[in-house]
**Student:** 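Here it is, the structure in full.
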Amino acid sequence: MEIEYALTEEDVVAFNLYHVKNSKVGKNSLQWQRYISPLIFLLFAYFLSVFTDMPRGPLFATFGLTVILWVMLYPKYFYFHITRQVRKMLKGGKNEGLVGKHTMNMNKAGIHDKTVVGETNVQWIGVKNLIEDAEYFYIYTSTVSAYIIPKRDVYSVDGLKTYVQKRMNA
């Protein structure tokens, strides 16, 4: 099976967002930052009220409102930050092997992906997982890296899915 596809910066950003939203480490990071930081805010308010002459009511009201806003809005900021960091990394270096045209051949031996700067080969035993979302297939070769295949460039989405699953289970 051969697939020719082109990866864009948006495709790489989508993969990174998908991975952060669905990996245990990404979920834990978001939860810690979302809920532990507000607890620190409240502790800070408590210590301010104890060690200064500031009235507790307005102090806790202000910090309480900050906590509520933080918990509600932090996930949007977290994903915005991930997006910004990925874009920054992509702009900071040469990414011809990642962004651009790919020709992928899949056969009994494994996956061969060719770009203008090089080639990669993975045997089927090295494929860890096949994940599908609305717009992409992610063929994971480790816990943090995957071939990103946009469905827009796949002739038969069901055919690709069936083929990869069959080879992974062989």
Side-chain angles (χ1 to χ4, degrees), residues 1-38 69-170:
M1 172 178 282
E2 183 174 297
I3 304 167
E4 289 189 8
Y5 60 99
L7 285 183
T8 65
E9 184 179 293
E10 292 302 315
D11 298 328
V12 177
V13 168
F15 167 70
N16 281 275
L17 285 174
Y18 175 86
H19 186 73
V20 167
K21 287 178 181 180
N22 293 284
S23 73
K24 186 176 180 181
V25 171
K27 289 177 184 178
N28 285 343
S29 179
L30 174 60
Q31 295 308 312
W32 273 92
Q33 292 173 40
R34 186 177 187 187
Y35 296 112
I36 298 302
S37 297
L69 289 172
W70 181 275
V71 169
M72 287 174 33
L73 300 176
Y74 188 76
K76 287 188 183 289
Y77 170 76
F78 182 77
Y79 297 129
F80 168 77
H81 180 70
I82 297 290
T83 300
R84 191 176 70 206
Q85 289 301 105
V86 171
R87 289 185 197 284
K88 191 183 222 181
M89 286 188 292
L90 288 171
K91 288 188 188 332
K94 297 189 181 267
N95 299 295
E96 292 88 8
L98 180 60
V99 175
K101 183 182 175 192
H102 290 251
T103 303
M104 179 179 282
N105 285 297
M106 292 185 228
N107 58 33
K108 289 180 183 179
I111 299 172
H112 176 84
D113 190 49
K114 184 176 177 183
T115 66
V116 294
V117 296
E119 301 176 20
T120 61
N121 291 299
V122 176
Q123 296 177 2
W124 287 111
I125 197 164
V127 174
K128 307 300 179 204
N129 204 358
L130 171 67
I131 303 291
E132 176 184 11
D133 70 8
E135 297 180 43
Y136 301 95
F137 282 108
Y138 305 116
I139 302 175
Y140 277 86
T141 56
S142 76
T143 55
V144 294
S145 63
Y147 290 110
I148 306 164
I149 304 174
K151 288 182 176 179
R152 66 179 179 264
D153 294 334
V154 175
Y155 175 73
S156 172
V157 170
D158 290 334
L160 174 63
K161 183 178 178 179
T162 302
Y163 185 83
V164 172
Q165 287 173 336
K166 177 182 165 190
R167 292 291 173 204
M168 285 175 56
N169 296 325

**Student:** With sequence neighbours excluded, tell me which residues meet side chain to side chain donor-acceptor pair (under 3.5 Å) with Asp113.
**Tutor:**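 Counting only residues at least two positions away or on another chain, Asp113 forms a side chain to side chain donor-acceptor pair (under 3.5 Å) with Tyr5, His102.
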
**Student:** Which residue pairs pass the side-chain hydrogen bond (donor to acceptor under 3.5 Å, both in side chains) test with at least one member in residues 121-137, sequence neighbours excluded?
**Tutor:**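 Passing the test, one end in residues 121-137: Asp11-Tyr136, His112-Asn121, Glu132-Lys151, Glu132-Lys161, Asp133-Tyr138.
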
**Student:** With rounding to the nearest 0.5 angstrom, report the OH to CZ distance, Tyr147 to Phe15.
**Tutor:**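 It is 12.5 Å, given to the nearest 0.5 Å.
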
**Student:** What do the steps show when you test Glu4 against Glu2 for side-chain contact (heavy atoms from CB on, under 4.5 Å), and what is the final call?
**Tutor:** CA-CA 7 Å; Glu4 289 189 8; Glu2 183 174 297; 3.6 Å; yes

**Student:** Sequence neighbours excluded, which residues qualify as side chain to side chain donor-acceptor pair (under 3.5 Å) partners of Thr115?
**Tutor:**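 Counting only residues at least two positions away or on another chain, Thr115 forms no side chain to side chain donor-acceptor pair (under 3.5 Å).
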
**Student:** Look at atom CD1 of Ile36 and say whether more than 12 heavy atoms of other residues, nucleotides or ligands are closer to it than 6.0 Å.
**Tutor:**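 Yes, the 6.0 Å shell around CD1 holds more than 12 heavy atoms from other groups.
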
**Student:** So which atom in Ala6 and which in Pro150 form the shortest heavy-atom distance, rounded to 0.1 Å?
**Tutor:**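 Nearest heavy atoms, Ala6 then Pro150: O-CG, 4.0 Å.
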
**Student:** Kindly indicate, with the supporting measurements, whether the criterion side-chain contact (heavy atoms from CB on, under 4.5 Å) is fulfilled by Val164 and Met106.
**Tutor:** CA-CA 8 Å; Val164 172; Met106 292 185 228; 3.7 Å; yes

**Student:** Under the side chain to side chain donor-acceptor pair (under 3.5 Å) rule, collect the residues that match up with Tyr74, sequence neighbours excluded.
**Tutor:**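 By the side chain to side chain donor-acceptor pair (under 3.5 Å) rule, Tyr74 matches Gln33.
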
**Student:** Find out whether Asp153 and Ile149 are in side-chain contact, i.e. whether some heavy atom of one side chain is under 4.5 Å from a heavy atom of the other.
**Tutor:**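 Asp153 vs Ile149: side chains apart.
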
**Student:** For a 4.5 angstrom cut-off between non-hydrogen side-chain atoms, does Met1 reach Asn105?
**Tutor:**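 No; the side chains remain at least 4.5 Å from each other.
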
**Student:** Which donor-acceptor pairs under 3.5 Å do side chains of residues 78-88 form with protein atoms, sequence neighbours excluded?
**Tutor:**
residue, atom, partner, partner atom, Å
His81, ND1, Arg84, NH2, 3.2
Thr83, OG1, Tyr79, O, 2.9
Arg87, NH1, Glu9, OE2, 2.8
Arg87, NH1, Glu10, OE2, 2.7
Arg87, NH2, Glu10, OE1, 3.3
Arg87, NH2, Glu10, OE2, 2.9

**Student:** Quick one: CD on Gln165 to CG on Leu160, what's the gap to the nearest 0.5 Å?
**Tutor:**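 Rounded to the nearest 0.5 Å, the CD-CG separation comes to 9.5 Å.
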
**Student:** For the residue pair Ser145 and Tyr140, establish whether any side-chain heavy-atom pair is separated by less than 4.5 Å.
**Tutor:**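 Of all side-chain heavy-atom pairs linking Tyr140 with Ser145, none is under 4.5 Å.
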
**Student:** So, for Ile111 and Ile139, which heavy atoms are closest and what is the spacing to 0.1 Å?
**Tutor:**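 Reported closest heavy-atom pair: CD1-CG2, 3.9 Å.
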
**Student:** Calculate, to the nearest 0.5 Å, the distance between atoms NZ and CG belonging to Lys76 and Leu73 respectively.
**Tutor:**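 Going from NZ on Lys76 over to CG on Leu73, the span is 8.0 Å.
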
**Student:** Counting distance only, does the side-chain N/O of Thr162 pair as donor-acceptor with the main-chain N or O of Asp158 below 3.5 Å?
**Tutor:**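 Confirmed, Thr162 side chain pairs with Asp158 backbone.
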
**Student:** Residues two or more places apart in sequence or in another chain: which of them pass side chain to side chain donor-acceptor pair (under 3.5 Å) with Thr143?
**Tutor:**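 Listed in chain order: nothing, the list is empty.
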
**Student:** Roughly how far, to the nearest 0.5 Å, is the CG atom of Leu98 from the CE atom of Met89?
**Tutor:**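 One finds 10.5 Å between CE of Met89 and CG of Leu98.
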
**Student:** Working to the nearest 0.5 angstrom, can you tell me the gap between Thr8 OG1 and Arg152 CZ?
**Tutor:**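 Result: 5.0 Å between the selected atoms.
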
**Student:** Report the distance from atom CE of Met72 to atom CZ of Arg34, rounding to the nearest 0.5 Å.
**Tutor:**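 Between Met72 CE and Arg34 CZ, I get 9.5 Å after rounding to 0.5 Å.
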
